[in-house]
Amino acid sequence: MTETNNGEKILDKKITRRQMLKMTGAGAAGIAIGASGMGGILKAFGKDVFLDDDSSATNKVNFYGKHQSGIDTAVQTNIYFASLNVLVKSKAELQELFKMWTPLAVHMMNGETIGVEYKNGMLPPKDTGEAKGLDARNLSITFGVGPSLFEKKELGLSSLKPTELKDLPHFPKDQLEEVYTGGDICIQACADDPQVAFHAVRNLIRAASGKVSMKWSQAGFNSFPVENGKKQTPRNLFAFKDGTENPITSSEKDMNKVVWVQSGDSKPWMTGGSYLVVRRIQLHLETWDRTALKEQENTFGRHRDSGAPLGKKNESDAMEIERKDENGNYIVPENSHVFLAKQSKARIMRRSYSYSSGIVDSTGSYDAGLVFISFQKNPEQFTKIQNQLGRMDKLNEYITHRGSGVFACFPGIKKGSYIGEALFNTL
Ligand code: HEM
């Protein structure tokens, strides 16, 4: 069988509707599948029944809500981050794309396959299948749009581009590579299982065949030691606890201050959304591993094992960067990462993962590092910190920024609505 997009679509519709009625017995009960197809609206006894979060699913993060998942969601062990180019040529087609993705994301976050499987050996399975038998594994899926999307004339979105959504400026020591930079759309899939995260992106992209192409992607991981039954801050590949100083996700006040775009801050369609900055940062493990522990600790301004600020005992102890020793020297060095980050006075929410992707051909060194991801209500917050780190940050000796992206992540999705509706509704 030839597998053209059109052919696939036609067969899909014919088979799934008929088979779904048969499988669910919906025909007999007088339930009709709505025009939006599977996973969209089911017409039951004259009422619209929307696909919903399954509250009985295990290890489940909700899809619907005030904000998208994957931002204030507790950090999972794995990420699969994908940056896409769009191939569609009109805003109506783009809108259809997000509508089509919505039920697929709901299904996968419920720990289900992307739709009812028809038993027809002559067709490729609807779902690629590698997440079968696994539950939702706390899968979160976050969708965002990049500045380049608004610059495509044929999409007619230019008047809706928020002024703050623009490529990040060039920073000192940046060595960005085109193959890890930019993109029209991002999908951040995080889960407590690498295969579940990968499956989510794979199935979304597969379903959008001919409408998007992959620009770049990066898998990442985190590991959480558990002490007294409590998950601890994960360590990055330099072995330092990473994510200690962050907004308190359970505090609406803090999140509104740092992360969630407030009414009047931006274009109305971004209210309740957030900006994602991603940086693919190589860590020069070989150099680090030759560095004395004291020097490593002075680089970050924290103790490696406990995660405590230098001169303190516990990870949660306050970082007082003004403190000096008896000789009048700062205890937390002035060129340390945290000293400089704190001095910027800007705040962001970091949600990073480590990566390991083979070796860098030209040098034979590990291609490993940090998929640095931060959320903020304005990318300017990130820029302010990165500028402050500038050339001074001692950490610069051990890292190289190789990839970059900035994306406007839509606000949360209401039941019955679809991803990005606010953007299309204002057209
Ligand atoms: C590979 C690169 C990086 C590594 C390995 C790294 C690692 C760390 C570590 C270990 C800490 C201390 C523990 C914590 O509070 O989480 C920290 C703090 C911090 N980092 Fe980074 N970081 C990197 C890049 C960045 C970048 C690019 C930014 C933003 C432009 C940034 C912003 C911050 C902030 C805001 C803090 C908290 C400072 C405070 O105590 O107030 N980091 N980072």
Side-chain angles (χ1 to χ4, degrees), residues 75 168-169 171-176 180 218 220 222 224 232-248 254 258-259 275-285 287-288 291 296-312 314-323 331-333 335-356 366-376 378-406:
V75 182
L168 296 170
F171 297 108
K173 306 206 76 184
D174 267 3
Q175 286 187 39
L176 302 185
Y180 304 122
Q218 185 62 57
N222 266 325
F224 298 89
Q232 304 295 303
T233 313
R235 292 181 189 275
N236 59 35
L237 295 181
F238 282 166
F240 279 67
K241 296 188 176 193
D242 198 327
T244 306
E245 180 61 49
N246 247 345
I248 307 155
D254 213 20
V258 182
V259 175
Y275 287 94
L276 179 157
V277 167
V278 55
R279 305 282 287 182
R280 186 184 192 273
I281 308 175
Q282 187 190 352
L283 301 188
H284 300 297
L285 303 182
T287 321
W288 186 257
T291 303
Q296 294 185 352
E297 295 189 329
N298 282 339
T299 299
F300 283 111
R302 283 187 179 266
H303 291 292
R304 185 182 88 152
D305 291 349
S306 63
L310 289 186
K312 302 248 174 136
N314 303 309
E315 183 187 359
S316 57
D317 289 346
M319 166 79 61
E320 296 164 312
I321 55 170
E322 306 301 341
R323 265 183 73 205
I331 294 174
V332 177
N335 61 351
S336 68
H337 185 66
V338 296
F339 185 98
L340 291 164
K342 245 205 176 24
Q343 260 204 340
S344 72
K345 302 261 190 299
R347 292 179 70 211
I348 53 180
M349 199 189 79
R350 291 168 296 129
R351 211 177 179 285
S352 305
Y353 290 79
S354 295
Y355 76 84
S356 166
Y366 287 105
D367 186 2
L370 196 72
V371 193
F372 172 95
I373 291 184
S374 68
F375 289 95
Q376 47 272 305
N378 190 324
E380 196 54 41
Q381 293 160 250
F382 170 87
T383 302
K384 218 171 150 193
I385 301 172
Q386 184 60 19
N387 275 332
Q388 187 76 36
L389 298 175
R391 292 188 181 280
M392 292 262 291
D393 188 2
K394 192 156 171 47
L395 186 58
N396 282 339
E397 292 172 28
Y398 306 99
I399 65 171
T400 304
H401 288 236
R402 300 232 179 254
S404 180
V406 58

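FYI, side chains are in, hydrogens and waters are out, and symmetry mates aren't considered; it's all heavy atoms of this structure. Counting convention: from 1, in listed order, for ligands and their atoms alike.
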Exercise. Go through the steps to decide whether Phe224 and Val75 satisfy the test side-chain contact (heavy atoms from CB on, under 4.5 Å), and finish with yes or no.
Key: CA-CA 10 Å; Phe224 298 89; Val75 182; 4.0 Å; yes
Exercise. Examine distances only and state if a side-chain atom of Arg235 and a backbone atom of Asp305 form a donor-acceptor pair shorter than 3.5 Å.
Key: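 Yes: the side chain of Arg235 pairs with the backbone of Asp305.
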Self-check item: Result of checking Ile399, Val406, Leu176 against Arg279 for side-chain contact (heavy atoms from CB on, under 4.5 Å)
Solution: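 Passing option: Leu176.
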Practice problem: For the residue pair His337 and Phe300, categorise the inter-ring angle as parallel (less than 30°), tilted (30 to 60°) or perpendicular (more than 60°). | Solution: perpendicular
Exercise. Could you walk me through whether Gln376 and Lys384 pass side-chain contact (heavy atoms from CB on, under 4.5 Å), step by step?
Key: CA-CA 12 Å; Gln376 47 272 305; Lys384 218 171 150 193; over 6 Å; no
Practice problem: Can you tell me which residues line ligand 1 if we count any heavy atom under 4.0 angstrom from one of its atoms, in chain and number order? | Solution: Asn236, Phe240, Lys241, Asp242, Gly243, Thr244, Glu245, Ile281, Leu283, Phe300, Arg302, His337, Val338, Ala341, Lys342, Ile348, Arg350, Leu370, Phe372, Phe382, Ile385, Gln386, Leu389, Leu395, Ile399, His401
Practice problem: Apply side-chain contact (heavy atoms from CB on, under 4.5 Å) to Tyr366 and list each qualifying residue two or more places apart in sequence or on a separate chain. | Solution: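 Checked Tyr366 against side-chain contact (heavy atoms from CB on, under 4.5 Å); matches are Leu285, Glu286, Ala368.
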